[in-house]
Amino acid sequence: MHRYLLMAGVGYAAILAPPQAARAESAAAGAVEAADPASGDIVVTARRREEKIQKVPLAVSVVNDTALEATGSFNVGKLQQLQPTVQFFSSNPRNSAANIRGLGAPFGLTNDGIEQGVGLYVDQVFYARSAATTFDFLDVQQIEILRGPQGTLYGKNTTAGAINITSRPPSFSPEGRIEVSYGNLGFVQAKAAVSGPLIADRLAIRIAAAGTHRRGTLYNITTGNRINEQDNLGVKAQLLLRATDTLNLTLAGDYNRQNPVCCGQVYVRTGATQRPLNRQYAALAAAFNYAPPSLNPFDRVTDLDGDLKAKQSLGGVSLRAEWELGPGTLTSVSAWRFWNWDPSNDRDFIGLPITAVSANPSKQRQWTQEIRYAGAGGAVDYVFGLFGFHQTVHTSGAQVQGPAASRWLLNPSGVNANDPSVLDGLRSDNAIDFSNTSLAAFGQFTWKLTDRLRVQPGIRVNYDKKSGSYVATVVTGSGSTTLNSDQRGVLAPQSYQPKFSDWNLSYDFTLSYDVAADVMGYATYAKSFKSGGINLSGLPLDAANNPILAVQTVKPESVDHFEVGLKTQFLDRRATLNIAGFWTDVKNFQATVTNGQLGVIRGYLANAAKVRVRGIEADFALRPSDRLSLYANGAFTDAKYAKFVDAPCPPELAGGTAVAAGQTPGAPGTPGGPSPAFCDISGQILPGVSKWALSYGAEYNVPAQVLGQEGNVYLGFDGSYRSIFSSNPSRSAYTDIEGYALSNLRLGFRSASGWDAYGWVRNAFNVKYFDFLSVQSGNTGLIIGQPGDQRTYGLTVKAAF
């Protein structure tokens with residue numbers, strides 16, 4: 001806590017050095033104007049050029065810095081409460097993913113061997129690691145959320161959408177910002193930024209820092225510590241050089257660090273599986289005289305006995321050159337980034353020494369280079385460019401079984417189940433390497449056929465090459481490499497070297513028409529691909545406990561996307577209503593599945609034959625007066641497996657004696673009966689996405705004078721709702737998460753001179769909900785989960801100078 005206060009104090013002193021009242025008034029006015037979501041003058045760079053949002057024939061939403069700060073949305077995971085089309089899943093920073101319209105990344109464990117369908121860009125630099133979504137936003141100006149395929153405009157192919165984050169740029173006029181927040185659960189957050197010229201009209205600098213700390217939301221009775229805490233620190237520096245009147249160079253560097261005690265889950269419930277009763281949770285727990293510390297997950301108590309750690313660092317440098325050349329601008333973006341991950345987990349999720357060690361430390365490096373030219377010539381606007389990406393990942397993983405593993409994991413009728421030494425100390429050391437190269441040429445053109453009618457074709461040629469190595473070395477507790485069948489069934493040696501390479505062609509076509517001055521309609525068809533990949537989390541095993549090499553690669557996704565939209569403004573442009581309808585078919589949908597290997601969470605990749613996602617979205621904003629502003633966003637999303645006949649079975653149908661395809665499995669809840677080797681889940685909903693999702697809010701202000709300062713007292717409300725959704729790749733009655741609504745309140749004073757102070761309450765009605773639910777490996781019937789944040793409250797003070 002003290003280091004964040006120190007950081008805030010240093011930033012505050014630096015910002016106070018050049019105070020100018022006129023500039024502060026301008027900054028405050030700008031913040032109020034930017035906060036107006038009904039403004040038709042919001043500028044976005046969604047198509048890699050500056051445009052007014054209402055003129056872009058694309059489903060795009062904008063969240064500015066004012067909205068982010070007011071709602072406490074300080075990382076990507078919080079965006080789903082503001083944007084109904086965004087879904088976020090995270091069991092720990094590595095296993096995090098942001099989806100748009102239910103698409104983007106497989107639900108569940110992250111696999112390094114595939115791409116993300118939602119691209120994350122910060123200041124035009126592509127971030128390959130999904131873990132970046134868990135870091136605090138740092139000096140952000142605005143966030144654009146683009147929905148649908150974006151491959152003909154963006155460097156990396158993005159089949160589901162893109163999150164485009166823009167930082168505040170260096171300024172040639174001295175300025176600064178500071179923000180400090182305090183709240184319950186030991187929450188303290190400090191942000192500071194300062195900018196100004198180093199050489200007048202030639203070289204400017206901007207430095208920003210942010211830190212967040214909050215104690216854990218769960219209490220671990222085994223260690224006496226609170227877990228799942230927040231402990232973030234980030235710094236960023238930018239230099240802007242006006243090399244000539246037509247050439248700007250921006251050099252940026254950032255470093256971010258997290259080191260929380262994280263991440264654990266709690267007991268939620270149990271459910272019957274097809275396992276014999278003596279191999280289900282109740283009997284297994286009774287054999288150890290074990291009981292969870294609480295049967296109520298919202299007591300937020302756990303008893304994990306494994307070491308918990310989620311330490312990671314992320315950062316990099318970039319150089320952006322923007323050269324006004326001819327009728328347009330030539331842009332080059334060069335970047336190098338790193339991600340270091342040092343975790344430790346309790347993979348049995350309970351307070352028994354079943355899995356003593358589970359850790360997969362990883363190091364990733366990436367290089368990107370993008371060159372593009374955007375311009376206008378008469379009736380044609382255009383963007384075309386080249387993109388190169390190279391990534392390497394090295395992981396050194398380990399899993400060690402504990403003294404309770406034999407009885408918990410092995411068949412009780414066998415002799416080895418009652419001998420703890422059989423699995424105690426059984427260890428797998430995994431060496432995993434991955435190399436990924438991607439090259440692309442892309443372009444998009446807008447041809448103005450008339451003053452009202454435009455056509456916009458786009459094309460992308462993409463090449464991807466991936467190669468990897470997975471080597472698992474397994475030894476017994478005595479150090480022997482000679483394993484019996486029970487030991488191999490729990491941790492099996494594996495060695496394979498998968499490879500994948502492919503070319504693909506993506507294209508899209510958009511027709512847009514200005515129905516009236518403030519009414520535009522558009523229609524889009526896009527053909528897109530998400531590159532194939534390789535399995536780098538270990539392979540499922542055959543009957544002889546050998547890896548099934550046929551599934552070491554996964555096919556590319558093929559996407560057909562149709563969309564129509566209407567963008568409107570009325571009531572003298574005080575009201576905005578944008579509507580989009582879409583239909584997306586995905587062939588060879590990449591899904592993460594689990595083979596049920598005892599005691600091991602062995603997530604691997606497979607292809608579902610076809611997925612269909614369709615829906616309607618509406619974004620509405622109204623500012624009837626300078627005193628009142630309102631907004632409401634809604635999404636109806638019908639996301640289903642259109643055809644997935646060989647999916648892993650849900651826990652109700654898993655764990656018994658396998659039967660051949662076509663035979664009838666035992667009914668759910670019939671212990672020990674036959675269960676299918678796989679299940680047909682065609683027609684079931686995709687995990688993680690609600691059919692209905694809403695966000696809504698209002699702010700009302702009145703003129704007031706506080707401490708001699710003129711300004712406004714304001715009252716704000718922000719709410720969100722998600723209907724029921726599945727939290728398992730194959731839908732299960734045990735892992736459905738019921739719908740819930742969250743409400744946030746704030747009351748404060750915003751001065752005309754640039755400072756703002758407000759109290760806030762988030763989840764004001766203390767709604768009990770889950771972020772996710774998961775099935776314990778081995779089909780014991782145990783369901784664990786992560787309760788969502790309880791009611792939190794605090795105070796924020798910020799100022800701009």
By ring pair (Phe, Tyr, Trp, His ring centres under 6.0 Å) - contacts of F765 (at least two apart): none
So, using salt bridge (Lys or Arg N to Asp or Glu O under 4.0 Å) as the criterion, who are the partners of D789 when residues are at least two apart? K78, R214
Applying ring pair (Phe, Tyr, Trp, His ring centres under 6.0 Å), name anything that partners Y641, two or more places apart in sequence or on another chain. F644
Residues in side chain to side chain donor-acceptor pair (under 3.5 Å) contact with Q552, at least two apart in sequence or another chain: none
Among residues at least two apart in sequence or on other chains, which ones pass salt bridge (Lys or Arg N to Asp or Glu O under 4.0 Å) with K691? none
If the condition is side chain to side chain donor-acceptor pair (under 3.5 Å), which residues does D680 pass it with, not counting sequence neighbours? S682
Ring pair (Phe, Tyr, Trp, His ring centres under 6.0 Å) partners for Y793, two or more places apart: none
Listing request: all side chain to side chain donor-acceptor pair (under 3.5 Å) pairs with a residue in residues 765-775, at least two apart in sequence or in separate chains. none
Residues forming a side chain to side chain donor-acceptor pair (under 3.5 Å) with S723, sequence neighbours excluded: none
Identify, with sequence neighbours excluded, every residue that meets salt bridge (Lys or Arg N to Asp or Glu O under 4.0 Å) alongside R731. D736
Please list, chain by chain and in numerical order, all residues satisfying salt bridge (Lys or Arg N to Asp or Glu O under 4.0 Å) with R300, sequence neighbours excluded. none
What pairs with Y496 under ring pair (Phe, Tyr, Trp, His ring centres under 6.0 Å), at least two apart in sequence or on another chain? Y470
